[in-house]
2 protein chains.
Amino acid sequence: MAFPPFAVTVDLVVFTIRDDQLCVLTIERGEAPFAGGQALPGGFVLPDEDLADAAARELAEETGVGKDAELERVHLEQLGTYGDPTRDPRMRTVSVAYLAFAAQLSEPIAGTDAAAAQWMPVASALTTSLAFDHGQILADGLERARAKLEYTTLAATFCRDEFTIADLRHVYELVWDVTIDPRNFHRKVLASEGFVEPTGEQTSQGRGRPAQLFTRGDATQLHPPIRR
Amino acid sequence: MAFPPFAVTVDLVVFTIRDDQLCVLTIERGEAPFAGGQALPGGFVLPDEDLADAAARELAEETGVGKDAELERVHLEQLGTYGDPTRDPRMRTVSVAYLAFAAQLSEPIAGTDAAAAQWMPVASALTTSLAFDHGQILADGLERARAKLEYTTLAATFCRDEFTIADLRHVYELVWDVTIDPRNFHRKVLASEGFVEPTGEQTSQGRGRPAQLFTRGDATQLHPPIRR
DNA sequence: GCGATTAATCGTCACACTGAGGATAATTGG
DNA sequence: CCAATTATCCTCAGTGTGACGATTAATCGC
């Protein structure tokens, strides 16, 4: 049976928080087209590979997040699919974009197709001209991430295993690019059942009064949501 | 350059309200695999066609919704992409699913690949074994539709040009499968700026007090949302 | 050591939105 | 005309929210 052949790729929008900034994983392309330009990590889906598996594989190749224990602390979800016939000058390509949230990871690893990989502040990435339609994919991923913080507990995915309410608030402030009243935020997080669980421990150092430490709770959805 | 070749299709989850039920457009497959079985409408993306264009084309082929004036009253959005290597026994296929909301349309039209097309009540479709992974796609589409009614004005897309608050409430009740207090719903819809605009006219017939008629407002998002 | 500073935590208050449900208005069918 | 039906308006108590005052417990500069 005849059908038009397509290349299918996955591209990743991987967010993390580093140096007090929301950052996205980018690579420097080693091959044409856009050789030397910045792009989102990604690659071809293998002939017998599921889409989500391909995304997880690419994530592992670029970040070293491979072990199950590490994957548990990374959120990975499908973002959308981009298939403009002109998006890749080489061939007809459809790209399935995935969105990932990660706590601070080790340094990124240049993958097979990439000359280099780095965490780029999102503010910079948005004003950089990215390869293909990756600028649009990044913008869509950022908007999805912002929306998801409102009604899910995914903000905690950006934090280490143990974190304070202030750490969590900082995630919201960086992703939404707003300032949040610490007192009201504190009240709302503690009122959201299953968002965070107290460990009983406290932070030992830093300015100001020590804060209680928490771990992620069981809930995935926030009731009520925390509005932008 | 070598790459694994994929077939790329679009599949459609088209919802409408008919005979007091939420219905989804299904076709009876005319070809193997699953010949004679029920499936969602869809087809191959053409070599130089954008994904959204392919979805709109398939929608037009199956429903006759082709003119721009008609398309304006249909909502079409990407739902998600399904690429399990085993989803199609013939070949490696990736399907980009689209979700459509439509007001009551004329009878569906059997497309080129379909023996027949019909509006099937969603309750039946969910218990029917659909071809490929279309059962999953339908379930995902229904959940997306339910969620979208909460925070967007898309419920009005299911209504005719002029409608009453009760018509709109009925959309929510059918999609969410709940009953809603008419008095509170009335208050909330009128309080949501830009959701509906009064025409000044009234319904002429039917039991009970005549109701005011409204048209869709300019807003796309609901503030505050109408919660399930 | 000591006050200034910083940050965490708790509390108060007015306001907005919600669900429950009472009351009234305007029709149709006998 | 009366009962049934549906639309519309209104009240009230409970809950979540933003703004912000107050207290607590640590560090910092000297």
Side-chain angles (χ1 to χ4, degrees), chain A residues 20 149-153 155-156 159 162-174 176 178-215 219 221-228, chain B residues 20 149-151 153 155-156 159-160 162-174 176 178-215 219 221-228:
Chain A
D20 230 45
L149 291 203
E150 288 194 54
Y151 58 94
T152 71
T153 60
C159 297
E162 299 201 335
F163 54 90
T164 67
I165 305 287
D167 293 334
L168 193 59
R169 174 165 49 85
H170 215 54
V171 172
Y172 279 91
E173 292 183 326
L174 291 177
W176 286 349
V178 296
T179 59
I180 296 175
D181 184 287
R183 298 161 290 190
N184 291 335
F185 184 80
H186 192 272
R187 186 220 301 153
K188 286 161 87 157
V189 169
L190 292 187
S192 285
E193 205 167 331
F195 195 178
V196 298
E197 298 293 337
T199 64
E201 317 240 341
Q202 295 197 156
T203 49
S204 51
Q205 53 181 351
R207 278 190 246 297
R209 177 173 168 178
Q212 288 187 58
L213 285 170
F214 295 84
T215 57
Q221 305 291 311
L222 285 182
H223 295 295
I226 296 180
R227 303 237 155 240
R228 263 181 274 194
Chain B
D20 231 46
L149 291 202
E150 289 193 53
Y151 58 94
T153 60
C159 297
R160 294 193 187 76
E162 299 200 336
F163 53 90
T164 67
I165 304 287
D167 293 335
L168 193 59
R169 174 167 48 87
H170 215 55
V171 171
Y172 279 90
E173 291 183 328
L174 290 177
W176 286 349
V178 296
T179 58
I180 297 174
D181 185 289
R183 299 161 291 189
N184 291 334
F185 183 80
H186 193 271
R187 185 221 302 155
K188 286 161 86 155
V189 169
L190 292 187
S192 284
E193 207 167 331
F195 194 0
V196 297
E197 298 292 338
T199 63
E201 317 235 345
Q202 294 197 155
T203 50
S204 51
Q205 52 181 353
R207 280 190 245 295
R209 179 174 166 177
Q212 288 187 57
L213 285 170
F214 295 83
T215 57
Q221 305 291 312
L222 285 182
H223 295 295
I226 295 181
R227 302 236 156 241
R228 262 179 276 193

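Order of the sequence lines fixes the chain letters, A, B, ..., with proteins taken first and strands second; residue numbering starts at 1 for each chain. Fair warning: this is a prediction, and the values are worked out from it, not measured in the lab.
In plain terms, the two heavy atoms of A/P198 and A/Q212 that are nearest each other are CB-OE1, 4.3 Å. The minimum heavy-atom distance between A/F163 and A/A156, with the atom names listed, is CZ-CB, 4.1 Å. Residue A/F185 comes nearest to A/I226 through the heavy atom pair CE1-CD1, 4.2 Å, listed as atom of the first residue, atom of the second, then distance.
Residue contacts for A/R207: at a heavy-atom cut-off of 4.0 Å it reaches the sugar-phosphate backbone alone, with no base atom in range. Within the 4.0 angstrom heavy-atom criterion, no nucleotide atom of any strand lies near B/Q205.
For A/S192, there are no side-chain hydrogen bond (donor to acceptor under 3.5 Å, both in side chains) partners, not counting sequence neighbours. The side-chain contact (heavy atoms from CB on, under 4.5 Å) search around A/L149 returns A/A155, A/V171, A/Y172, A/V175, A/W176, not counting sequence neighbours. Every residue meeting the side-chain hydrogen bond (donor to acceptor under 3.5 Å, both in side chains) condition with B/T164, not counting sequence neighbours, appears here in chain and number order: B/D167. Residues forming a side-chain hydrogen bond (donor to acceptor under 3.5 Å, both in side chains) with A/H170 (at least two apart in sequence, or on another chain): A/D20. When the salt bridge (Lys or Arg N to Asp or Glu O under 4.0 Å) test is applied to B/R227, the partners found at least two apart in sequence or on another chain are B/E150. Every residue meeting the side-chain contact (heavy atoms from CB on, under 4.5 Å) condition with B/E162, not counting sequence neighbours, appears here in chain and number order: B/T199, B/L213, B/T215. Residues satisfying the salt bridge (Lys or Arg N to Asp or Glu O under 4.0 Å) criterion with B/R183, sequence neighbours excluded, are B/D181.
Taking 4.5 Å as the limit, every side-chain heavy atom of A/I165 sits out of range of all side-chain heavy atoms of A/F195.
Shown for residues 162-172 of chain A: residues whose heavy atoms fall under 4.0 angstrom of DNA chain C, namely A/A166, A/R169.
First and last contacting nucleotides of DNA chain C toward chain A (any atom under 4.0 angstrom from a heavy atom, 5' to 3' order): C/dT6 to C/dT12.
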Hey, can you pull the donor-acceptor pairs under 3.5 Å for the side chains in residues 200-207 of chain B, sequence neighbours left out?
unit_1: B/T203; atom_1: OG1; unit_2: B/A211; atom_2: N; d: 2.8
unit_1: B/T203; atom_1: OG1; unit_2: B/A211; atom_2: O; d: 3.3

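For A/R228, the CZ atom sits in a packed shell: over 12 heavy atoms of surrounding residues, nucleotides or ligands are nearer than 6.0 Å.
Between B/Q212 atom CD and D/dC9 atom C1' the separation is 12 Å, expressed in whole Å. Separating the CZ atom of B/F185 from the C1' atom of D/dC9 is a distance of 17 Å, rounded to the nearest angstrom.
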Problem set entry | Contact letters for nucleotides 16-22 of chain D, in which S counts primed atoms plus P, OP1 and OP2 and B counts the base, heavy atoms under 4.0 Å | SBBBBB-

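Bending across the helix from C/dG1-D/dC30 to C/dG30-D/dC1, expressed as the angle between its end axes from five pairs apiece, amounts to 10° (10° rounding).
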